[in-house]
Number of protein chains: 2
Amino acid sequence: MHTVAARAGVSIASASRVLNGLGGSAETVRKVREAAAEVGYVPNAIARSLQSQRTGLVALAVEDIGNPVYVAMMRAIEAVVSESGRQLLVHQTSASIGGEVALLQRLAHRYVDGMIMSPIRITESHTRALLDSPVPVVVIGQLPDDVAVDNVRTDSRTGVALAVGHLHEAGHRRIAFINGPLDTVPGTARDAGFRTALVKHGLNVEEDLIEVGDFQYAAGRAAIERLLDRGRPDAVVCANDLIAAGALHGLLARGLRVPHDVALVGMDDTELAQMSFPQISSVSLGSAERGRLAARLLVERIADPTLPARREQVAPHLVIRASSQAVAG
Amino acid sequence: MHTVAARAGVSIASASRVLNGLGGSAETVRKVREAAAEVGYVPNAIARSLQSQRTGLVALAVEDIGNPVYVAMMRAIEAVVSESGRQLLVHQTSASIGGEVALLQRLAHRYVDGMIMSPIRITESHTRALLDSPVPVVVIGQLPDDVAVDNVRTDSRTGVALAVGHLHEAGHRRIAFINGPLDTVPGTARDAGFRTALVKHGLNVEEDLIEVGDFQYAAGRAAIERLLDRGRPDAVVCANDLIAAGALHGLLARGLRVPHDVALVGMDDTELAQMSFPQISSVSLGSAERGRLAARLLVERIADPTLPARREQVAPHLVIRASSQAVAG
DNA sequence: TTGTAAGCGTTATCAC
DNA sequence: GTGATAACGCTTACAA
């Protein structure tokens, strides 16, 4: 920039103005543009950030970058973020509480203009760090009601109920459930949703039909083995698609037909559900939509930090595919 | 920082020194630490970057963030990068040439300290932008020999040959191939590898047994339909695991058994291959290893930009699973 | 319209 | 050991 100004024979301020499209006489503009082109001038993003107090970066913190549900969210977020002229910085938290809180605290360094976070556990230290953050944060997921932070949520209790209702309607009565950890927010919500839904349909809650693992493929595969060892269910609801894929393959490995012998419903409606055989019915929790909304909220808040905390809700819906379709016997 | 210095009653310079752990009398150190704690001082990353001329950020540009092969690479890269105290910025290029080149040119803004890029096409403008880049770039993938840029590659020709050899040895003779676009670097390499391998085993190259689509699941599914319509092959080699999963499901949908009726081998050895049923044999191209190496090269080069361009090679190997395992008849 | 100069929050180089 | 002071590369009042 210094060089450009010198080369164009104008002050450094004039050069800056021209390069930012503000004023300047035709002659000055020409000279500066020329000089800039000659030396291949490119503005320094850091210096500009120091001045403007913004980095043009937005962070996304997710637990597991390999989970297709986060891939879908990430895509939606990326679209909004890059449309707003910013770039996305992705963090993987591995669901470590210390790590997530440390990440929130690091925001004080102001290396990003904002963050979208989807924690699966919310602790006291999370909420404190969230409220203390000098940089806007949008949380995707359930958040205590009194925490005034922008928040996008869905209702996975209702989501599980949709799955149970669908299976019940298809005539299934021994409905099993493979859940993720109960000490996570989605884990508890889905557990409650399952139990409530069973009762609502006049079914007993049999603990033998409920399995808990983590939210991974291998856990689904292991859980279905245990369920089958205790007696075959008519149908299985899984707390996410990764678990559902594991369960599906466990069933197939035992020579069972899906949906003929056992029907299956997953959750999150990810690509994985469509990339399975048979394709897996899945409760969509609107992950792309949640991502999009969260990104919008964040962009708006960065533009106007005085906005009151907002809360968006995305309704779940069931996508029925072959794994739970009624079939001729 | 200004505030901290004032509060501690020392100069701003002394405060900076203490906070960076350089010298200071016991008394000064105490006062500064105290003042910093009281006001909750956190250093500003941007200002620090402006001074140090580095951002502590490393970018990764991949074509498709949803492809499990990139997820594996990303994980490996993230590990090395964060161990070096830096953070990872992920870009999705959607394989757009203009986008990739623009990304390389944007490096001149110095918003990151370096970049790892895995382009599937390499054009003249790529190599020019690569060589012009003022910021270190490591390329994962084939690069023209005369381009002096750090590079990590594998040998997917040999990889395809491993697959063909394995299938041939198992007695398969009508071996089909589902490839990605021929105008991509991996596409051409795999095509050449397939043809060469067939010849080496004394088989004819039948164009009818070669299908081309993109590197996605749906393309694999569509391609296998076309192949089956023309007459069933004994075995199918797929240019990646996404294609292989699509092909697998196409076969199953036609009521064919894998590997009994048709054997199948994928490529990249991703989680998807293990999360399929039956599990898919796959040629590992060492994606995690390539990611790790690339990240190491980048970290080294950032530390010492004068290093000569280096080239690392990762050998492919075949991972045999159920989809190509010999089975009792 | 243009130039001078202050400032963004740090770090680093000096004298002292 | 410590404190001025000059960078880092840019934007932006303010004055000319």
Side-chain angles (χ1 to χ4, degrees), chain A residues 1-36 38-57 85 105-113 134-135 302 305, chain B residues 1-36 38-57 85-86 106-113 134-135 302 305:
Chain A
M1 167 104 231
H2 190 72
T3 324
V4 172
R7 199 166 179 117
V10 301
S11 79
I12 192 171
S14 297
S16 171
R17 273 184 224 111
V18 170
L19 266 11
N20 287 306
L22 315 167
S25 69
E27 178 64 2
T28 310
V29 170
R30 190 189 56 69
K31 284 190 296 184
V32 172
R33 289 253 168 81
E34 208 160 85
E38 280 170 23
V39 302
Y41 170 79
V42 176
N44 180 305
I46 305 169
R48 189 171 269 187
S49 290
L50 182 59
Q51 170 71 26
S52 65
Q53 300 291 23
R54 36 193 52 187
T55 61
L57 253 34
Q105 288 167 343
R106 247 189 287 160
L107 288 177
H109 295 203
R110 301 183 160 280
Y111 67 106
V112 291
D113 295 340
V135 162
I302 290 172
Chain B
M1 166 103 231
H2 189 73
T3 323
V4 172
R7 202 170 177 113
V10 300
S11 79
I12 192 171
S14 297
S16 172
R17 271 184 227 110
V18 170
L19 266 12
N20 286 305
L22 315 166
S25 70
E27 178 62 2
T28 312
V29 170
R30 192 188 55 70
K31 284 190 298 185
V32 172
R33 290 255 167 80
E34 209 161 83
E38 281 170 23
V39 302
Y41 169 79
V42 175
N44 180 306
I46 305 169
R48 190 172 268 186
S49 289
L50 182 59
Q51 171 68 28
S52 65
Q53 300 292 20
R54 38 192 52 187
T55 61
L57 253 35
R86 280 171 259 253
R106 248 189 286 161
L107 288 177
H109 295 205
R110 302 184 160 279
Y111 66 106
V112 291
D113 296 340
V135 162
I302 290 172

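Treat the numbers as computed from the prediction; the structure is a model and nothing was measured. Chain letters run A, B, ... following the sequence lines, proteins first and then strands; every chain starts at 1.
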Measure the shortest side-chain to side-chain distance between [X] and [Y] over non-hydrogen atoms and say whether it is less than 4.5 angstrom.
X	Y	result
R110(B)	T55(B)	no
L19(B)	M1(B)	yes
R17(A)	T28(A)	no

[X] side chain N/O closer than 4.0 Å to the phosphate oxygens (OP1, OP2) of [N]?
X	N	value
Q53(B)	dA7(D)	no
S25(B)	dT2(D)	yes
T28(B)	dT2(D)	yes

Take atom [atom1] of [X] and atom [atom2] of [N], then tell me their distance rounded to the nearest Å.
X	N	atom1	atom2	value
H2(A)	dG3(C)	NE2	P	14 Å
I12(A)	dC8(D)	CD1	C1'	12 Å
L50(A)	dT11(C)	CG	P	12 Å
H109(B)	dG9(D)	NE2	P	15 Å
M1(A)	dA7(D)	CE	P	18 Å

- Grab the two heavy atoms, one from A108(B) and one from P134(B), that are nearest each other, plus how far apart they are. CA-CG, 3.6 Å

- Message: For a side chain to side chain contact (heavy atoms under 4.5 Å, CB included) check, start with the C-alpha distance between L57(A) and L57(B), then their side-chain angles and the critical distance, and finish with the verdict.
- Response: CA-CA 11 Å; L57(A) 253 34; L57(B) 253 35; 3.5 Å; yes

- Task: Mind running a 4.0 Å heavy-atom check of residues 14-22 of chain B against DNA chain C and sending the residues that fall below it, in number order?
- Result: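 Going residue by residue through residues 14-22 of chain B, the ones with a heavy atom under 4.0 Å of DNA chain C turn out to be S16(B), R17(B), N20(B).
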
- Message: Short of 4.0 Å, heavy atom to strand atom, which residues of residues 41-49 of chain B count as contacting DNA chain C?
- Response: Y41(B), V42(B), P43(B), N44(B), A47(B), R48(B)

- Begin with the C-alpha distance, continue with both residues' side-chain angles, and end with the deciding distance and a verdict on side chain to side chain contact (heavy atoms under 4.5 Å, CB included) for N20(B) and R48(B). CA-CA 12 Å; N20(B) 286 305; R48(B) 190 172 268 186; 3.6 Å; yes

- Task: Please report the C-alpha distance between I46(A) and I46(B) in whole Å, then the side-chain angles of each, then the deciding distance to 0.1 Å, and finally whether the side chain to side chain contact (heavy atoms under 4.5 Å, CB included) criterion is met.
- Result: CA-CA 6 Å; I46(A) 305 169; I46(B) 305 169; 4.1 Å; yes

- Short question: side chain of S49(B), backbone of A45(B) - any donor-acceptor pair under 3.5 Å? yes

- Using a strict 4.0 Å threshold on nitrogen-to-oxygen distance, state whether K31(A) and E34(A) make a salt bridge.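 So K31(A) does not pair with E34(A) through a salt bridge.
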
- Message: Can you tell me which nucleotide in dG3(D), dG9(C), dT11(D) comes closest to the side chain of Q51(B)?
- Response: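 My answer, after comparing the listed nucleotides, is dG9(C).
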
